[in-house]
Number of protein chains: 2
Amino acid sequence: MEKQEKTKLAKEETGAREQLEHAKRGSVGQVLMRCARLVNEEGLERVSKKVGVRLRPAHTALFPHIDLEGTRLTTLAERMGVSKQAVGQLVEELVSWGVLERVVDPEDRRARKIHFVGGAQALMEGLQVLGEVEGELAEALGEEDWQHLRVLLVRLLGVLEHREISH
Amino acid sequence: MEKQEKTKLAKEETGAREQLEHAKRGSVGQVLMRCARLVNEEGLERVSKKVGVRLRPAHTALFPHIDLEGTRLTTLAERMGVSKQAVGQLVEELVSWGVLERVVDPEDRRARKIHFVGGAQALMEGLQVLGEVEGELAEALGEEDWQHLRVLLVRLLGVLEHREISH
DNA sequence: GACAATTAGTCAAGTACACTTTACTAATCA
DNA sequence: TGATTAGTAAAGTGTACTTGACTAATTGTC
């Protein structure tokens with residue numbers, strides 16, 4: 001019997017050093033991937049703690065697309081590039097957890113506007129928590145370098161988007 | 001009947017502009033995420049074309065962990081922080097597609113060393129294709145800024161890793 | 001103003017991927 | 001020889017979707 005004792009410990013101790021060594025020598029793409037994953041996980045954990053439910057990446061990916069005045073399901077689906085049903089499922093969970101609510105749009109009674117429970121305030125707080133992580137990283141890296149990183153990433157995104165769509 | 005005509009077109013036309021606008025104003029985390037995904041997709045597509053099979057992200061994630069002289073399944077699993085079985089499944093597919101092969105390790109006949117078919121040459125070519133993408137991005141961004149981005153990302157990774165494991 | 005077509009959203013089921021757990025064989029080490 | 005280790009086999013799980021079929025509100029057309 002081997003008992004397969006990988007899990008947490010192995011993942012965070014045995015694996016981590018190996019991973020770090022490889023990542024440092026890896027391609028920019030690899031480093032990019034790893035940074036993105038870690039930043040994401042950290043933010044996810046904090047927002048989850050704040051909200052009191054274990055959110056998943058798909059949930060937080062939804063948040064930045066929800067406008068202060070509320071947004072329709074269909075609009076969210078378009079913005080995210082997925083089906084209405086996919087968004088519907090995520091929204092359904094968030095509503096059941098008391099994070100979001102759906103209110104009938106008086107301008108079109110078929111539609112409902114989705115917004116944060118507690119309105120703008122709650123939204124702001126949520127974004128603030130996400131911002132906290134970035135604030136700490138900015139501090140660790142130095143404000144100047146952090147801003148530089150931001151600019152470079154936005155430029156990179158511009159290049160990447162260009163190759164795919166326009167032009 | 002609505003026919004649900006999202007798919008490709010909507011995703012790349014309707015969605016893309018909305019997405020880009022949001023991403024540019026988004027947090028560093030968001031931009032990071034999006035860049036990583038796009039770089040990854042691009043590399044994946046090119047390697048797939050070269051190899052002649054549609055590889056998935058999990059496959060290419062495996063590649064940088066395979067050493068020139070071949071690597072054991074268990075070692076790969078440790079490096080990647082997943083179970084041996086998970087790696088086993090990916091390797092199995094890649095072997096069936098003729099990308100990798102398993103050869104018995106003469107030093108320990110329980111073990112097999114996993115390496116690229118065609119040996120170092122094939123590995124080099126594969127990595128070269130991945131490098132191509134980065135080369136083009138470097139050109140688009142300017143070599144100086146690209147290197148700067150690289151340095152900043154590695155530093156960011158250092159900060160992120162530190163928070164999680166050591167200390 | 002009636003009615004067909006469209007649109008917003010829901011319901012239910014299915015799928016792809018990237019894993020995991022449990023259970024095993026075969027080779028090696030102590 | 002008994003315990004460990006390398007790897008395999010098979011089935012199960014969680015996430016993030018998709019497709020197809022449907023209801024209800026609305027809009028455009030005659």
Side-chain angles (χ1 to χ4, degrees), chain A residues 1-8 10-11 14-15 33 37 40-41 44 48 53-62 70-96 100-114, chain B residues 1-8 10-11 14-15 33 37 40-41 44 48 53-62 70-96 100-114:
Chain A
M1 213 193 300
E2 186 181 340
K3 250 186 98 212
Q4 196 77 321
E5 37 88 344
K6 190 202 51 60
T7 57
K8 287 269 152 151
K11 196 163 197 164
T14 318
M33 205 60 190
R37 227 204 60 211
N40 219 45
E41 277 173 11
L44 200 59
S48 295
V53 222
R54 228 184 74 76
L55 302 179
R56 280 168 281 119
H59 297 121
T60 49
L62 188 67
T71 309
R72 291 184 188 178
L73 190 75
T74 305
T75 310
L76 289 176
E78 274 168 21
R79 284 186 186 168
M80 301 182 68
V82 299
S83 65
K84 299 184 297 180
Q85 293 91 326
V87 177
Q89 284 165 30
L90 295 172
V91 169
E92 177 54 36
E93 282 186 296
L94 290 163
V95 167
S96 79
L100 298 179
E101 54 186 358
R102 283 178 279 227
V103 288
V104 174
D105 185 346
E107 290 176 7
D108 185 342
R109 292 206 2 253
R110 289 170 302 182
R112 333 247 196 114
K113 292 212 162 184
I114 288 144
Chain B
M1 213 195 304
E2 186 180 340
K3 251 186 104 209
Q4 195 78 321
E5 38 90 341
K6 189 198 54 62
T7 58
K8 286 271 154 146
K11 196 162 198 166
T14 318
M33 204 63 188
R37 229 203 57 211
N40 220 45
E41 277 173 10
L44 201 59
S48 295
V53 220
R54 226 184 74 76
L55 302 180
R56 278 167 283 122
H59 297 120
T60 49
L62 188 68
T71 309
R72 290 185 189 178
L73 190 74
T74 305
T75 309
L76 290 175
E78 274 167 23
R79 285 186 186 165
M80 300 182 71
V82 299
S83 65
K84 299 182 297 178
Q85 294 88 332
V87 178
Q89 284 166 30
L90 295 173
V91 170
E92 177 53 39
E93 282 186 296
L94 289 164
V95 167
S96 79
L100 299 179
E101 54 186 357
R102 284 178 280 227
V103 288
V104 175
D105 185 346
E107 290 175 6
D108 184 344
R109 294 207 359 254
R110 291 169 302 183
R112 333 246 198 116
K113 292 212 162 184
I114 289 144

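Please read all numbers here as calculations on a predicted model, not as lab measurements. Atom set for the values below is all heavy atoms of this structure, side chains included, hydrogens, waters and symmetry mates excluded. Chain A is the first sequence line, chain B the second, and so forth, proteins listed ahead of strands; every chain is numbered from 1.
- Side-chain contact between A:L90 and A:L76 is absent, with no heavy-atom pair separated by less than 4.5 Å.
- Of all heavy-atom pairs spanning A:A77 and A:V87, the tightest one is CA-CG2, 3.6 Å.
- Nearest to the side chain of A:L73, among C:dG9, C:dC11, D:dT8, sits C:dG9.
- One interatomic measurement links the two molecules: CE of A:M80 to P of D:dA16, which rounds to 10 Å at whole-angstrom precision.
- Residue A:E78 holds its CD atom at 10.0 Å from NZ of A:K84, rounded to the nearest 0.5 Å.
- Which of D:dG7, D:dA9, D:dT19 sits closest to the side chain of B:R112 comes down to D:dG7.
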Write out a two-atom table: protein N or O, nucleotide N or O from nucleotides 16-18 of chain C, distance below 3.5 Å.
unit_1: C:dA18; atom_1: OP1; unit_2: B:A58; atom_2: N; d: 3.3
unit_1: C:dA18; atom_1: OP2; unit_2: B:R56; atom_2: NH1; d: 2.8

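- Distance, B:R79 CZ to D:dA6 P: 14 Å, rounded to whole Å.
- When side chains are defined from C-beta on, A:R112 does not count as touching A:L73, because their heavy atoms never get closer than 4.5 Å.
- For D:dT18, the OP1/OP2 oxygens have a side-chain nitrogen or oxygen of A:S83 closer than 4.0 Å.
- Residue B:E92 places no side-chain atom within donor-acceptor reach of the base of D:dG7, judged by atom type and a 3.5 Å distance cut-off alone.
- Using a 4.0 Å cut-off between a side-chain N of Lys or Arg and a carboxylate O of Asp or Glu, A:R102 and A:E92 qualify as a salt bridge.
- Summarising the geometry, the separation between CG on A:L94 and C1' on D:dA16 is reported as 14 Å, rounded to the nearest angstrom.
- Rounded to an integer number of Å, the gap from B:E93 CD to D:dT8 P is 14 Å.
- To the nearest angstrom, C1' of D:dA9 lies 9 Å from CD of B:Q85.
- Remark: B:R102 is not in phosphate contact with D:dA6, judged by side-chain N or O atoms under 4.0 Å from OP1 or OP2.
- Taking each heavy atom of A:K113 and A:G70 in turn, the nearest pair found is CD-O, 4.1 Å.
- The minimum heavy-atom distance between B:S48 and B:L55, with the atom names listed, is OG-N, 3.2 Å.
- Rounded to a whole Å, the NZ atom of B:K84 is 15 Å from the P atom of C:dA23.
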What nitrogen or oxygen pairs link the protein and nucleotides 26-30 of chain C at under 3.5 Å?
unit_1: C:dA27; atom_1: O3'; unit_2: B:R110; atom_2: N; d: 3.4
unit_1: C:dT28; atom_1: OP1; unit_2: B:R109; atom_2: N; d: 2.5

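- Considering all non-hydrogen atoms of both residues, A:I114 and A:R72 come closest at CD1-C, 4.3 Å.
- Counting only heavy atoms from C-beta on, A:R72 has its side chain closest to C:dA8 among C:dA8, D:dG7, C:dA12.
- For C:dT7, the OP1/OP2 oxygens have no side-chain nitrogen or oxygen of A:T74 closer than 4.0 Å.
- Nearest heavy atoms, B:L62 versus B:M80: CD1-SD, 3.4 Å.
- Atom P of nucleotide C:dG9 and atom CG of A:L100 are separated by 14 Å, given to the nearest angstrom.
- B:A111 comes within 4.0 angstrom of sugar-phosphate atoms only, judged by non-hydrogen atoms across all strands, and of no base.
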Quick one: do A:V53 and A:E93 satisfy side chain to side chain contact (heavy atoms under 4.5 Å, CB included)? Show the steps, please.
-> CA-CA 10 Å; A:V53 222; A:E93 282 186 296; over 6 Å; no
